[in-house]
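Before any comments, here is the structure.
Reminder, nothing fancy here: chain letters follow the sequence lines and each chain counts from 1. When reading the values below, keep in mind they use all heavy atoms of this one structure, side chains included, and skip hydrogens, waters and symmetry mates. Here the structure is a predicted model, which means the values were calculated and not measured.
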Amino acid sequence: MPGGVMTGRFWLLKSEPSTYSIADLERDGHTAWDGVRNYRARNLIRDQLAVDDLAIFYHSSVEPPGAAGLLRIAARPVPDRSQFDARSPFFDPRATRDAPRWWSVEVAFVERFATIVPLGILKEHPELSGMMVTQRGARLSIQPVEPSHFRVVLRLARARLHARTRRIPV
DNA sequence: GCCAACGTTGGC
DNA sequence: GCCAACGTTGGC
């Protein structure tokens, strides 16, 4: 990692860049990761994500899909406010303040990769054959990432940067 | 836009 | 508690 040792656990958070991209997070600095309406992902937010954990910001439903940058978990999880907002597309009439169903977490910008590391590239690497995002049908929007997989993705992000830089005529 | 793989809902 | 029907995700 830039300027430090990697500690804590690693994650991958998916977002459609047409909704919210790594460029948006770079501009905003931090944002509430809300609107998650899947129980497994909810459980990870509520029970597993820890402050200062690092995550790959993954762009989905775009060409190409892939790893776009890094973010950091910035705070403890809180009930997702959008579940109580009748005008929100994420409104959930079954949720109450006493028994919230959905949780969100504040995340902070860490890094925007110089170039996206496309899913197709991730799938080419044997070291990533066990990574959840490279599996067929892996729809979970918040995924745990093995430290070794995390490092390989970082290495690929740097390698792509260098490959590009080398092509620039002097 | 297609459609396979997933998730959720709701009748029974 | 099963499972068919429906809805969604997301790569292609």
**Asked** Hey, does the side-chain of A:Arg139 have a donor or acceptor N/O within less than 3.5 Å of a partner on the base of B:dA5?
**Response** yes

Looking at A:Lys14, I'd like to know whether one of its side-chain N or O atoms comes within less than 4.0 Å of OP1 or OP2 on C:dG10.
yes

Is there a donor-acceptor contact under 3.5 Å linking the side chains of A:Arg9 and A:Gln48?
yes

Check your understanding: Can a donor-acceptor pair be found between the side chains of A:Asp80 and A:Ser82 at a distance below 3.5 Å?
Key -> yes

- request: Would you kindly say whether A:Asp24 and A:Ser21 are connected by a side-chain donor-acceptor distance under 3.5 Å?
  value: yes

Rounded to whole Å, the CZ-P distance (A:Arg37 to C:dT8) equals 14 Å

Rounded to whole Å, the CG-P distance (A:Leu13 to C:dG10) equals 12 Å

Rounded to whole Å, the CD1-C1' distance (A:Ile121 to C:dG11) equals 16 Å

Testing C:dC12, B:dA5, B:dT9 for proximity to the side chain of A:Tyr39, the answer is B:dT9

>> So, OP1 or OP2 of C:dG11: does either fall under 4.0 Å of a side-chain N or O from A:Arg136?
In response: no

Rounded to whole Å, CZ of A:Arg40 lies from P of B:dT8 at a distance of 9 Å

Query raised in the report: For B:dT9, does OP1 or OP2 lie under 4.0 Å from any side-chain N or O of A:Arg94?
Result: yes

A:Asn43 CG to B:dT8 P, in whole Å, measures 10 Å

Separation of C:dT8 atom P from A:Glu16 atom CD, nearest Å, is 13 Å

Atom CD of A:Gln143 and atom C1' of C:dG11 are separated, to the nearest Å, by 13 Å

When rounded to whole Å, the CD1 to C1' distance for the pair A:Ile116 and C:dG11 reads 15 Å

TODO: Determine whether the side chains of A:Asn43 and A:Arg40 contain a donor N or O and an acceptor N or O closer than 3.5 Å.
DONE: no

